[in-house]
Number of protein chains: 2
Amino acid sequence: MNETSNLLSRLSSLGIRLTPAREEVVNILTATDEHLSAEDIFFRIHSKDPSIGLTTVYRTLELFEQNNIVTKFEFGHGRAKFELSEEFSHKKHHHHLVCTKCRKIIDYSDFLNEEQEYVEKTERGLENKYAFKINCHIIHFYGICGDCV
Amino acid sequence: MNETSNLLSRLSSLGIRLTPAREEVVNILTATDEHLSAEDIFFRIHSKDPSIGLTTVYRTLELFEQNNIVTKFEFGHGRAKFELSEEFSHKKHHHHLVCTKCRKIIDYSDFLNEEQEYVEKTERGLENKYAFKINCHIIHFYGICGDCV
DNA sequence: CTCTCTGCAAAATGTTTGCACACTC
DNA sequence: GAGTGTGCAAACATTTTGCAGAGAG
């Protein structure tokens with residue numbers, strides 16, 4: 001079973017109907033490697049099916065986010081970006097490298113062993129010390145990319 | 001030399017005048033351990049000096065951010081939060097533990113050794129592989145706090 | 001006198017909500 | 001027929017900008 005059928009069965013098991021709008025959002029997020037904003041997604045949908053509105057895109061993304069189907073990132077500069085959650089994405093576990101000048105975002109999947117070791121240790125420790133149940137983590141490195149120096 | 005005089009000399013070396021509004025922003029950020037939004041800062045200033053406007057607070061924060069005096073965080077939910085950069089803060093190097101239910105933010109300074117090892121290795125590796133000059137990193141752990149279970 | 005800093009009001013931006021209609025079960 | 005999903009327009013919240021005046025050097 002691939003990620004997409006996995007996603008579709010998750011939707012139906014949650015009782016979330018697969019309407020045309022939702023299907024398009026899934027398609028777009030599945031097809032891209034970029035980090036898209038709600039408006040980006042809306043424009044791409046709009047070129048295929050102009051009857052679908054921006055509001056629906058927002059509502060779909062919120063619904064998906066609350067069911068852990070998509071993850072919302074705020075990299076700064078006020079516009080949230082969305083990507084499929086790891087479970088439904090063909091992308092590997094990754095983090096983000098952000099150029100603070102041109103705002104380019106690079107996904108990197110390097111150093112996962114080191115990361116995992118650090119993250120596991122830290123998560124356990126934080127859960128104990130602060131009585132948290134930790135669900136996820138984000139790691140962003142910020143800097144200036146080669147094109148911007 | 002403490003952090004505050006350090007900060008003041010940085011401002012003057014940058015040719016940034018220490019106006020009353022800017023001084024108040026510095027005072028408030030120095031005095032607090034919380035993560036304040038622009039509006040939070042504005043309200044605190046306003047109770048001391050009602051003549052200072054929200055616009056000036058935004059402009060001051062932007063100026064400070066661009067000169068690495070404050071760091072802007074977007075934890076989600078649309079409102080940016082500001083804190084003094086490490087160099088000027090009495091707080092230790094720390095990261096954030098965020099409750100996704102009540103939005104509480106805990107600063108933690110634990111596991112810094114493990115972190116440093118991981119971060120140094122990763123930074124060096126990323127700089128080489130992606131031709132970046134990395135300036136900083138953020139690590140956020142998200143979960144549900146003890147009060148919210 | 002020039003340049004910086006500011007407050008105010010207005011604009012811009014990104015996102016959410018109210019409502020009426022359409023569609024599904 | 002009840003409940004879900006939708007588009008549109010309006011509302012909303014946060015942040016930014018234009019402008020004219022105040023203040024510093």
Side-chain angles (χ1 to χ4, degrees), chain A residues 8 10-28 35-67 69-83 100 103 105, chain B residues 8 11-28 35-67 69-83 100 103:
Chain A
L8 300 182
R10 166 72 70 91
L11 288 177
S12 82
S13 77
L14 287 164
I16 295 175
R17 258 188 242 149
L18 191 64
T19 64
R22 291 171 182 170
E23 195 174 359
E24 276 309 316
V25 172
V26 169
N27 288 343
I28 286 165
H35 303 84
L36 302 179
S37 67
E39 207 187 17
D40 293 333
I41 294 168
F42 167 69
F43 283 136
R44 295 188 188 199
I45 292 188
H46 205 258
S47 66
K48 283 184 76 173
D49 181 348
S51 74
I52 293 169
L54 179 57
T55 306
T56 300
V57 174
Y58 273 109
R59 284 196 272 232
T60 301
L61 290 170
E62 201 202 347
L63 178 74
F64 284 1
E65 195 205 352
Q66 283 177 349
N67 290 288
I69 291 162
V70 310
T71 305
K72 179 178 180 178
F73 290 96
E74 320 225 2
F75 292 106
H77 321 110
R79 177 173 297 205
K81 308 265 190 147
F82 300 84
E83 61 180 72
T100 51
R103 302 181 187 182
I105 300 161
Chain B
L8 299 182
L11 287 178
S12 82
S13 79
L14 287 165
I16 295 176
R17 260 188 239 150
L18 192 64
T19 64
R22 290 172 183 171
E23 195 173 1
E24 276 309 316
V25 172
V26 169
N27 289 343
I28 286 166
H35 303 85
L36 302 179
S37 66
E39 206 186 17
D40 294 332
I41 295 167
F42 167 69
F43 282 136
R44 296 188 187 199
I45 291 187
H46 205 257
S47 66
K48 284 184 75 172
D49 182 348
S51 74
I52 293 169
L54 179 57
T55 305
T56 300
V57 174
Y58 273 108
R59 283 195 272 230
T60 301
L61 289 170
E62 201 203 348
L63 178 73
F64 284 1
E65 196 206 350
Q66 283 178 349
N67 290 286
I69 290 161
V70 310
T71 305
K72 180 178 180 180
F73 289 97
E74 320 223 5
F75 291 107
H77 322 113
R79 176 174 298 203
K81 308 267 189 146
F82 298 85
E83 60 180 73
T100 51
R103 302 179 186 184

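All chains are named by letter (A, B, ...) in the order of the sequence lines, taking the proteins before the strands, and each is independently numbered beginning at 1. All values below come from the heavy atoms of this structure, side chains included, with hydrogens, waters and symmetry mates left out.
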Query raised in the report: What is the nucleic acid contact for A/Ser37, judged by heavy atoms within less than 4.0 Å: base, sugar-phosphate only, or nothing?
Result: nothing
Query raised in the report: For B/Ile16 and B/Pro50, take the nucleotide of DNA chain C holding the closest heavy atom to each; which residue's nucleotide lies nearer the 5' end?
Result: B/Ile16
Query - Minimum-distance nucleotide (side-chain atoms of A/Arg17 versus C/dT15, C/dC5, D/dT4) - result: D/dT4
Report summary line: A/Asp40 and A/His35 have their tightest heavy-atom pair at OD2-O, 4.2 Å
Query - Check: A/Ile69 and A/Leu14 side chains under 4.5 Å, non-hydrogen atoms - result: yes
Query - Length of the line joining B/Leu14:CG and C/dT4:P, which is rounded to integer Å - result: 15 Å
**Report entry** Spacing between A/Leu18 atom CG and C/dC23 atom C1', to the nearest angstrom
**Finding:** 15 Å
Query raised in the report: Under 4.0 Å: is that the gap between some side-chain N or O of A/Tyr58 and OP1 or OP2 of C/dT16?
Result: no
Query raised in the report: In terms of the angle between their ring planes, are A/Phe73 and A/Phe75 parallel, tilted or perpendicular, with boundaries placed at 30° and 60°?
Result: parallel
Query raised in the report: How long is the line joining CG of B/Leu54 and P of D/dT15, in whole Å?
Result: 9 Å
Query raised in the report: Quick one: A/Arg79 CZ to D/dT16 P, roughly how many Å, whole number?
Result: 14 Å
Query raised in the report: Can you check the B/Phe42 CZ to C/dC8 P distance for me, whole Å?
Result: 8 Å
**Report entry** Under 4.0 angstrom between A/Arg22 side-chain N/O and D/dG5 OP1 or OP2
**Finding:** yes
Query raised in the report: What is the distance from CD1 of B/Ile52 to P of C/dC8, rounded to the nearest Å?
Result: 11 Å
Requested in this report: Examine C/dT6: is either OP1 or OP2 under 4.0 Å from a nitrogen or oxygen in the side chain of B/Thr19? Give yes or no.
Outcome: yes
Requested in this report: Starting from C1' on D/dG5, measure out to CZ on A/Arg59 and report it in whole angstrom.
Outcome: 8 Å
Query - 5′-ward residue of the pair B/Phe82/A/Val57 relative to DNA chain D - result: A/Val57
**Report entry** Side chains of A/Asn27 and A/Glu24 in contact at under 4.5 Å (non-hydrogen atoms)
**Finding:** yes
Requested in this report: Please determine which of B/Val57, B/Leu63, B/Thr55, B/Leu61 meets the side-chain contact (heavy atoms from CB on, under 4.5 Å) test together with B/Arg59.
Outcome: B/Thr55
Report task. Measure from CD on B/Glu65 to P on D/dT15 and round the result to the nearest Å. Result -> 11 Å
Query raised in the report: Counting side-chain heavy atoms from C-beta on, which of D/dA9, D/dT6, D/dT15 comes nearest to B/Ala80?
Result: D/dT15
